[in-house]
Amino acid sequence: GAYTGEISVGMLKSIGAEYCITGHSERRQLFHETNGIIRAKVDAILDGGLIPIFCCGESLDIRQEGRQNEFVKEQLEESIFHLGPEAFERLVIAYEPIWAIGTGVTASPAQAQEMHAFIRETIAAKYGEQISQGTRILYGGSIKADNAATIFSQADVDGGLVGGASLQADGFLEI
């Protein structure tokens with residue numbers, strides 16, 4: 001299966017990587033990584049000189065219950081809101097609705113914009129508007145050539161964290 005992770009900061013640096021994903025839903029589910037573990041990983045990534053890509057997102061059950069904002073806010077608060085402003089400005093956030101990863105179901109552009117705007121507002125409440133506007137927030141969740149443009153055109157979506165579609169060169173180039 002797809003097992004994101006299992007590599008150290010030192011290993012990534014040795015091959016010239018600049019970024020490191022943490023908080024991915026596979027790690028949270030399969031390896032039971034908590035917000036506290038992810039917090040420690042964010043610190044280790046920053047201490048190691050890499051840029052963390054912090055993943056957050058909700059399951060279908062949580063979305064259907066209407067608790068997605070509360071759930072994502074808790075992920076932010078417990079995993080990255082301990083950072084000072086300078087460290088926070090170095091990271092990237094990737095909103096990945098778990099219900100849209102590898103399922104072929106993608107959040108609508110409106111759903112993506114709504115959550116990205118909520119994340120940006122939550123950052124602004126903690127760090128101020130300038131840092132909020134400067135934070136890169138990516139969408140990840142079944143991004144494909146046929147939906148990327150409409151999702152990426154949303155005001156608060158700064159790009160994508162492409163998963164399975166990156167394994168198909170032609171489609172990835174279209175994205």
Side-chain angles (χ1 to χ4, degrees), residues 2-7 9 19-48 50-103 105-129 131-143 151 154-163:
Y3 296 104
T4 302
E6 299 303 307
I7 191 163
V9 171
Y19 296 84
C20 179
I21 295 172
T22 191
H24 194 275
S25 62
E26 291 169 2
R27 300 292 306 180
R28 291 176 187 266
Q29 180 183 12
L30 299 174
F31 296 93
H32 308 287
E33 290 187 359
T34 64
N35 291 334
I37 291 170
I38 294 160
R39 175 184 173 134
K41 286 185 169 197
V42 166
D43 291 345
I45 293 165
L46 287 166
D47 290 346
L50 296 177
I51 299 166
I53 301 174
F54 168 75
C55 298
C56 58
E58 78 285 356
S59 67
L60 183 59
D61 291 346
I62 290 169
R63 178 158 280 273
Q64 288 175 335
E65 294 169 4
R67 296 185 309 112
Q68 66 271 13
N69 290 4
E70 171 189 326
F71 187 81
V72 169
K73 183 177 182 182
E74 183 177 285
Q75 289 177 320
L76 297 170
E77 289 174 342
E78 293 181 5
S79 301
I80 60 175
F81 276 11
H82 68 288
L83 298 171
E86 287 182 20
F88 188 87
E89 287 181 300
R90 292 179 48 208
L91 66 84
V92 175
I93 296 173
Y95 168 62
E96 294 194 299
I98 298 166
W99 50 271
I101 297 173
T103 64
V105 177
T106 306
S108 70
Q111 287 172 316
Q113 170 56 28
E114 179 183 338
M115 182 55 79
H116 282 239
F118 173 76
I119 291 169
R120 204 171 296 284
E121 291 166 11
T122 304
I123 295 167
K126 169 75 174 170
Y127 293 99
E129 192 64 29
I131 289 177
S132 172
Q133 291 303 313
T135 300
R136 291 174 289 169
I137 307 173
L138 310 178
Y139 174 80
S142 297
I143 290 284
I151 291 176
Q154 301 304 302
D156 288 297
V157 178
D158 298 319
L161 185 63
V162 182

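The figures that follow rest on heavy atoms only: side chains count, while hydrogens, waters and symmetry mates do not. Note that this is a predicted model, so its numbers are computed, not measured.
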More than 12 heavy atoms of other residues, nucleotides or ligands under 6.0 Å from CD of Glu77: is that the case? yes
Tell me, please, which residues at least two apart from Ala124 pass side-chain contact (heavy atoms from CB on, under 4.5 Å). Glu129, Ser132
Report the residues that fulfil side-chain contact (heavy atoms from CB on, under 4.5 Å) with Ala117, sequence neighbours left out, ordered by chain and then residue number. Gln113, Glu121, Asp156
Leu60: what forms a side-chain contact (heavy atoms from CB on, under 4.5 Å) with it, not counting sequence neighbours? Gln64, Trp99
Mind jotting down which residue pairs meet the side chain to side chain donor-acceptor pair (under 3.5 Å) criterion with at least one end in residues 80-91? Sequence neighbours excluded, please. Asp43-His82
With Arg28, which residues qualify under side-chain hydrogen bond (donor to acceptor under 3.5 Å, both in side chains), at least two apart? Asn35
Tell me every residue that passes side-chain hydrogen bond (donor to acceptor under 3.5 Å, both in side chains) with Glu65, counting only those two or more places apart in sequence or in another chain. Arg67
Tell me whether Gln75 contacts the main-chain N or O of Gly57 through its side chain, where contact means a donor paired with an acceptor under 3.5 Å. yes
Any residue meeting ring-ring contact (aromatic ring centres under 6.0 Å, His included) with Tyr127, in chain and number order, not counting sequence neighbours: Phe81, Phe88
Kindly write out the residues that satisfy salt bridge (charged side-chain N to carboxylate O under 4.0 Å, His left out) with Glu78, not counting sequence neighbours, or none if the list is empty. none
For Glu70, side-chain hydrogen bond (donor to acceptor under 3.5 Å, both in side chains) partners two or more places apart: none
With sequence neighbours left out, write down each residue that passes side-chain hydrogen bond (donor to acceptor under 3.5 Å, both in side chains) with Glu33, or none if nothing qualifies. Arg27, Lys41
Test of understanding: with side-chain contact (heavy atoms from CB on, under 4.5 Å), list the residues that count as partners of Ala40, not counting sequence neighbours. none
By salt bridge (charged side-chain N to carboxylate O under 4.0 Å, His left out), Glu96 pairs with (sequence neighbours left out) none
